[in-house]
Q: 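Below: one structure in C-alpha cells.
Both counts, for ligands and for their atoms, begin at 1 and track the order of listing. The structure displayed is predicted, hence computed values, not measured ones.
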Amino acid sequence: MLRAQNLCWLKNGKAILNHISFELHPGECLGLVGPNGSGKSSLLKILAFLEPPTSGELWFQGQPIPKHVPLDVRRKIAIVFQEPLLLNTTVWENIAIGLKIRSIPKQEIMNRIMYWLQQFGIAHLAKQSARSLSGGEAQRVSLARALVLEPDILFLDEPFSALDAPTKEALRTDLSKIFRSTHITTVMVSHDFQDIERLTERALILIQGQVAADAAPAALLAAPQSPEADQFLSHWRLTFGN
Ligand SMILES: Nc1ncnc2c1ncn2[C@@H]1O[C@H](COP(=O)(O)OP(=O)(O)OP(=O)(O)O)[C@@H](O)[C@H]1O
C-alpha cells in the first residue's frame, strides 16, 4: 500500500529523518512511536504527502509519489491531528464538507454520516455547533470526518494527547473496535506506547530520526531489537509489568 525507501528529511542543515525504509501493507495498523523530538510527526507528514522528503522515495499503491502530489492521490488519504480543526458550523456540516467537495450523491452523504455518527456515539450532537463541543467530542467529530471519506490510508497524529485519561480511554476503546471491524490501513503517531499496544499490530520505534525497531508491540516489549529501543521501552515495561 505504502513503501518508504531510504527517506531522509533535512531542515536547516539538520537531519530530522535518516534513511527510513519500511512497507505498510493493506489493512495494517502501524504505530510510529518514540520519545519527543524523534521525528514521528515529521515522518507522518512525509508519508501523508504534506512534505516532500529531501531524498529517498515514497511509493503509494505501486506508484512512485512525485514531488507535487496529484489531487486524486491526496484524496485517497485522510489525516486527523492532535487538535481537532473543526469549522465554525454544525457537527453534521463538518463531517459532510469533504463528501460535498467530492460531489458524493446526497443520499449517500446522509447514509455515510449517520453511520459514522453512530460508530462514534455522537449522533445526538449532529445539529450542535462544533464550537460548543468538549475536547473528546470534537476529536470524535474529527475522526468521523476522516473516516466518512473512506480513505485508503488513515493517518492519526497523537489523536489522544489533548484528552484527559477517562476521555482518552473511552475513545481508544471505540477506535479499537472500529479498527477491528473496518480493517482500515492506518498509521498512528503516539509517544505513548500504551496507545500503540492497544491499537496497532505493528510498531516502528523512532529514535533520533532512525528506525530503532520494527515489530509487533508485544514482541518489542519481550525483545526490543536494539539498545535504543530497549532504553525507550524500559519505562513501558514497568507500566505493563513485564
Ligand atoms: N519544519 C521544521 N523545521 C525545522 N525543524 C523541524 C521542523 N519540523 C520538525 N523539526 C524538528 O525535527 C525534530 C523532530 O520533530 P518531530 O515533531 O517530528 O518529532 P516528534 O517525535 O513528533 O516529537 P513530539 O513527540 O514532541 O511531537 C525536532 O527537533 C523538531 O524541532
Q: Can you confirm whether Gln61 is buried at CD, in the sense that more than 12 heavy atoms of other residues, nucleotides or ligands lie under 6.0 Å from that atom?
A: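 Counting other residues, nucleotides and ligands, CD of Gln61 exceeds 12 neighbours.
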Q: So is there a nitrogen or oxygen of Asn36 less than 3.5 Å from a nitrogen or oxygen in ligand 1?
A: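 Right, the criterion is met.
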Q: Are any non-hydrogen protein atoms located under 4.0 Å from atom 30 (C) of ligand 1?
A: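 So atom 30 (C) of ligand 1 lacks protein heavy-atom neighbours under 4.0 Å.
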Q: Which protein heavy atom lies closest to atom 19 (O) of ligand 1, and at what distance to 0.1 Å?
A: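 The closest heavy atom on the protein side is Gly39 N, 3.2 Å.
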Q: Which residue and non-hydrogen atom of the protein lie closest to atom 25 (O) of ligand 1, and at what distance in Å?
A: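 For atom 25 (O) of ligand 1, the nearest protein heavy atom comes out as Lys40 NZ, 2.8 Å.
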Q: Scan residues 32-91 for pairs that pass ring pair (Phe, Tyr, Trp, His ring centres under 6.0 Å), counting only residues two or more places apart or in two chains.
A: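 Checked against ring pair (Phe, Tyr, Trp, His ring centres under 6.0 Å) - neighbours excluded - the pairs reaching residues 32-91 are Phe49-Phe60.
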Q: Please state which protein non-hydrogen atom is closest to atom 10 (N) of ligand 1 and give its distance, to 0.1 Å?
A: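 Its nearest protein heavy-atom neighbour is Ile16 CD1, 4.0 Å.
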Q: Report the C-alpha separation of Lys45 and Asp157 in whole Å, then their side-chain angles, then the decisive distance to 0.1 Å, and conclude whether the salt bridge (Lys or Arg N to Asp or Glu O under 4.0 Å) test is met.
A: CA-CA 9 Å; Lys45 279 184 202 147; Asp157 193 356; over 6 Å; no
Q: If hydrogens are left out, which of Gly209, Ser42, Ser161 has an atom nearest to atom 15 (O) of ligand 1, that is, the closest non-hydrogen atom?
A: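 That would be Ser42.
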Q: Which is closest to atom 3 (N) of ligand 1 by heavy-atom distance: Lys45, Lys11, Glu158?
A: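 Nearest option to atom 3 (N) of ligand 1, by heavy atoms: Lys11.
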Q: My understanding is that only one of Gln82, Lys40, His191 makes a side-chain hydrogen bond (donor to acceptor under 3.5 Å, both in side chains) with Glu158; could you say which?
A: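 Filter result, single survivor: His191.
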Q: With a 4.0 Å cut-off on heavy atoms, is Gly34 in contact with ligand 1?
A: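 No; Gly34 lies far enough from ligand 1 that no heavy-atom distance drops under 4.0 Å.
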Q: If you apply the rule salt bridge (Lys or Arg N to Asp or Glu O under 4.0 Å), what do you find for Lys67 with Glu51, and how did you get there?
A: CA-CA 9 Å; Lys67 200 162 185 165; Glu51 290 276 352; over 6 Å; no
Q: Can you spot which of Ile153, Asp152, Leu149 makes a side chain to side chain contact (heavy atoms under 4.5 Å, CB included) with Lys76?
A: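 So the option named by the test is Asp152.
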Q: So if I count the atoms of ligand 1 from 1 in the order they appear, which ones are less than 4.0 Å from some heavy atom of Pro35?
A: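 Listed by number with element: 21 (O).
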Q: Quick one: does Lys14 get an N or O within less than 3.5 Å of an N or O on ligand 1?
A: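 For ligand 1, there is an N or O atom that lies under 3.5 Å from one belonging to Lys14.
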Q: Just say parallel, tilted or perpendicular for the rings of Phe193 and Trp236, cut-offs at 30° and 60°.
A: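 Correct class here is tilted.
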Q: Taking distance alone, with no angle check, do Gly37 and ligand 1 share an N/O pair under 3.5 Å?
A: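 There is such a contact, yes.
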Q: Listed by chain and number, what are the salt bridge (Lys or Arg N to Asp or Glu O under 4.0 Å) partners of Glu93, not counting sequence neighbours?
A: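 By the salt bridge (Lys or Arg N to Asp or Glu O under 4.0 Å) rule, Glu93 matches Lys100.
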Q: Could you list the atoms of ligand 1 found under 4.0 angstrom from a heavy atom of Ser38?
A: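 In order of number, 19 (O), 20 (P), 21 (O).
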Q: With a 3.5 Å distance limit and no angle check, can you tell me whether Arg131 reaches the backbone of Asn88 through a side-chain donor-acceptor pair?
A: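 Side chain of Arg131 to backbone of Asn88, a donor-acceptor pair under 3.5 Å: no, none is there.
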Q: Please report which non-hydrogen protein atom sits nearest to atom 17 (O) of ligand 1, along with the residue it belongs to and the distance in Å to one decimal place.
A: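 Nearest protein contact, heavy atoms only, for atom 17 (O) of ligand 1 is Ser41 CB, 3.8 Å.
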